[in-house]
Amino acid sequence: MIEARGLTKRYGDTVAVDGLGFEVRPGAVTGFLGPNGSGKSTTMRMIMGLDRPDTGTAHVNGKPYRELRRPLCEVGALLEARTYHPGRSARSHLAALAAANGIPRTRVTTVLGTVGLTDVARKRTGGFSLGMSQRLGIAAALLGDPAVLLFDEPVNGLDPEGVRWIRTLMRSLAAEGRTVLLSSHLISEMALTADHLIVIGRGRLLADTSVAELTAGGRSLEEAFFELTGDSAEYRGTAPAHRRRQP
């Protein structure tokens, strides 16, 4: 399980995350939604121990990430694409991760097959497209067969077939009893993938509810999202003058 309690993170005068608290439980895909600049990526980095909160705590399975004995075997994450040496092949990149974390080398072959990179496993990753890089990042997250998984915008760079594959993968991982936290800006895709939603704006919790509850009464998820976050968007434009409604 993932637990955030009173998380706050400031960068100078900017409050990126402001007293945020939530839980992500196993057996469901939990969507993490918010406008640009709402603090989603910062929150995920604090969960993974990459940023230290100014106040509050972020725990995975009851412990801070830095206290996990075998972190890659307890929690896997895709937070950024292209986090590998471009001169290495996909197989050698994963093999190095496996060796450093005491993971059987057989897992490398398994996860390459899971993400559809078997045929290009020996090619240098410097020539990978963004979509292929995303798949390699997902393979690395799955390498230790962890029970907790975090994915930040995993569909970036994927074609429609790849997006559909991500949707199926996320739901299958949750069906296995894993904890899955999925951040995406594609609201329509989140409506098809997530069971539960955590919605934030300006670093604060706006909703912690099921997709069914948020869309009750016939509203689309997009409508519900914009109703929640209308005052939290980083940029709010006005319609061109010729399109504005007249009073």
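All values reported here derive from a predicted model rather than from experimental measurement.
With Thr42 contributing its side chain and Gly39 its backbone, the two residues share no donor-acceptor pair below 3.5 Å. Side-chain atoms of Arg135 come within 3.5 Å of backbone atoms of Val115 as a donor-acceptor pair (strictly under, hydrogens ignored). Not one N or O on the side chain of Arg5 forms a donor-acceptor pair closer than 3.5 Å with the backbone of Ala58. The main-chain N or O of Glu153 is found under 3.5 Å from a side-chain atom of Gln134 such that the two form a donor-acceptor pair. No donor-acceptor pair closer than 3.5 Å links the side chain of Arg178 to the backbone N or O of Val29. Although no hydrogens or angles enter the test, the distance criterion places no donor-acceptor pair under 3.5 Å between the side chain of Arg204 and the main chain of Val17. No side-chain donor-acceptor contact under 3.5 Å links Arg91 to the backbone of Ala121. Listed for the Ser129 side chain is a donor-acceptor partner under 3.5 Å among the backbone atoms of Met132. Here the side chain of Asp159 pairs a donor or acceptor atom with the backbone of Glu161 at under 3.5 angstrom.
The number of heavy-atom neighbours closer than 6.0 Å to CZ of Arg105, taken from other residues, nucleotides and ligands shown, is 12 or below. Residue Arg171 qualifies as enclosed at atom CZ: its count of foreign heavy atoms under 6.0 Å is above 12.
To the nearest 0.5 angstrom, Leu197 atom CG is 10.5 Å from Glu213 atom CD. Rounding to the nearest 0.5 angstrom, the gap separating the CG atom in Leu78 from the CZ atom in Phe151 is 7.0 Å. Note that the CG atom of Leu169 and the OG1 atom of Thr114 stand 8.0 Å from one another [nearest 0.5 Å]. The distance from the NZ atom of Lys40 to the OG atom of Ser183 is 5.0 Å, given to the nearest 0.5 Å. Rounding to the nearest 0.5 Å gives a distance of 7.0 Å between CD of Glu67 and NE2 of His59. Annotation: the span from Arg25 atom CZ to Thr30 atom OG1 amounts to 10.0 Å, rounded to 0.5 Å.
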message: As a quick check of understanding, evaluate side-chain hydrogen bond (donor to acceptor under 3.5 Å, both in side chains) for Ser89 and Ser92, giving each step before the final call.
response: CA-CA 5 Å; Ser89 69; Ser92 63; 3.1 Å; yes
message: side-chain hydrogen bond (donor to acceptor under 3.5 Å, both in side chains) for Asp208 and His196? Distances and angles first, verdict last.
response: CA-CA 8 Å; Asp208 186 347; His196 196 87; 2.6 Å; yes
query: Could you walk me through whether Glu74 and Arg69 pass the salt bridge (Lys or Arg N to Asp or Glu O under 4.0 Å) check?
result: CA-CA 9 Å; Glu74 293 193 52; Arg69 293 184 62 187; over 6 Å; no
- request: Walk me through it: do Phe128 and Lys123 pass the test side-chain contact (heavy atoms from CB on, under 4.5 Å)?
  value: CA-CA 9 Å; Phe128 277 14; Lys123 292 187 176 180; 4.3 Å; yes
- request: Test side-chain contact (heavy atoms from CB on, under 4.5 Å) on Arg88 and Arg124 and set out the steps.
  value: CA-CA 5 Å; Arg88 282 183 169 177; Arg124 290 186 178 183; over 6 Å; no
field: Leu94 and Tyr84: CA distance, side-chain angles, deciding distance, side-chain contact (heavy atoms from CB on, under 4.5 Å) verdict
entry: CA-CA 9 Å; Leu94 294 174; Tyr84 48 73; over 6 Å; no
field: From CA spacing to verdict: side-chain contact (heavy atoms from CB on, under 4.5 Å), Leu214, Leu228
entry: CA-CA 10 Å; Leu214 196 58; Leu228 278 171; 3.8 Å; yes
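Applying the side chain to side chain contact (heavy atoms under 4.5 Å, CB included) criterion to Ala191, with sequence neighbours excluded, gives Leu221.
Placement of Trp165 and Leu117 within a single hydrophobic cluster is found when ILVMFWY residues are connected by side-chain heavy-atom separations under 4.5 Å, directly or transitively. Leu186 and Leu158 end up in the same hydrophobic cluster when Ile, Leu, Val, Met, Phe, Trp and Tyr side chains are linked at under 4.5 Å. Under the 4.5 Å side-chain heavy-atom criterion for Ile, Leu, Val, Met, Phe, Trp and Tyr, Met1 and Leu20 are members of distinct hydrophobic clusters. Tracing side-chain contacts under 4.5 Å through hydrophobic residues (I, L, V, M, F, W, Y), one reaches Leu68 starting from Leu79; they form part of the same cluster. Residue Leu192 is not grouped with residue Val163 when hydrophobic side chains (ILVMFWY) are merged at heavy-atom distances under 4.5 angstrom, including chains of intermediate members.
Between Phe22 and Phe32, the gap from one ring centroid to the other is short of 6.0 Å.
With respect to Arg45 and Glu80, a salt bridge is recorded, a charged nitrogen being found less than 4.0 Å from a carboxylate O. Using a 4.0 Å cut-off between charged nitrogen and carboxylate oxygen, Arg164 and Glu189 do not count as a salt-bridge pair.
For the pairing with Thr8, the side chain to side chain donor-acceptor pair (under 3.5 Å) check across Thr55, Asp18, Asp54 returns one residue only, Thr55. Checking Ile2, Leu149, Val75, Val60 one by one against Thr179, the side chain to side chain contact (heavy atoms under 4.5 Å, CB included) holds for a single residue, Ile2.
Nearest heavy atom pair, residue Ala140 against residue Leu72, reads O-CD1, 4.3 Å. What you find for Cys73 and Ile103 is that their closest heavy atoms are SG-CG1, 3.9 Å. Looking at every heavy atom in both residues, Pro53 comes nearest to Leu7 through CB-CD2, 3.8 Å. Annotation for Thr125 and Ala90: closest pair CG2-N, 3.5 Å, computed over non-hydrogen atoms. Nearest heavy-atom pair, Asp195 versus Ala28, reported as atom, atom and distance to 0.1 Å: OD2-CA, 3.5 Å. Residue Leu130 comes nearest to Asn156 through the heavy atom pair CG-O, 3.9 Å, listed as atom of the first residue, atom of the second, then distance.
Side-chain contact check for Pro35 versus Phe225: some heavy-atom pair is nearer than 4.5 Å. Taking the side chain as every heavy atom from C-beta outward, Pro146 and Val148 never approach each other to under 4.5 Å. Looking at heavy atoms from C-beta onward, Ile198 lies in side-chain contact with Leu205 at the 4.5 angstrom threshold. At a threshold of 4.5 Å between non-hydrogen side-chain atoms, the residues Arg219 and Glu227 count as touching.
Lys9 forms a cation-pi arrangement with Tyr11, by the criterion of a distance under 6.0 Å to the ring centre and an angle within 45° of the ring axis.
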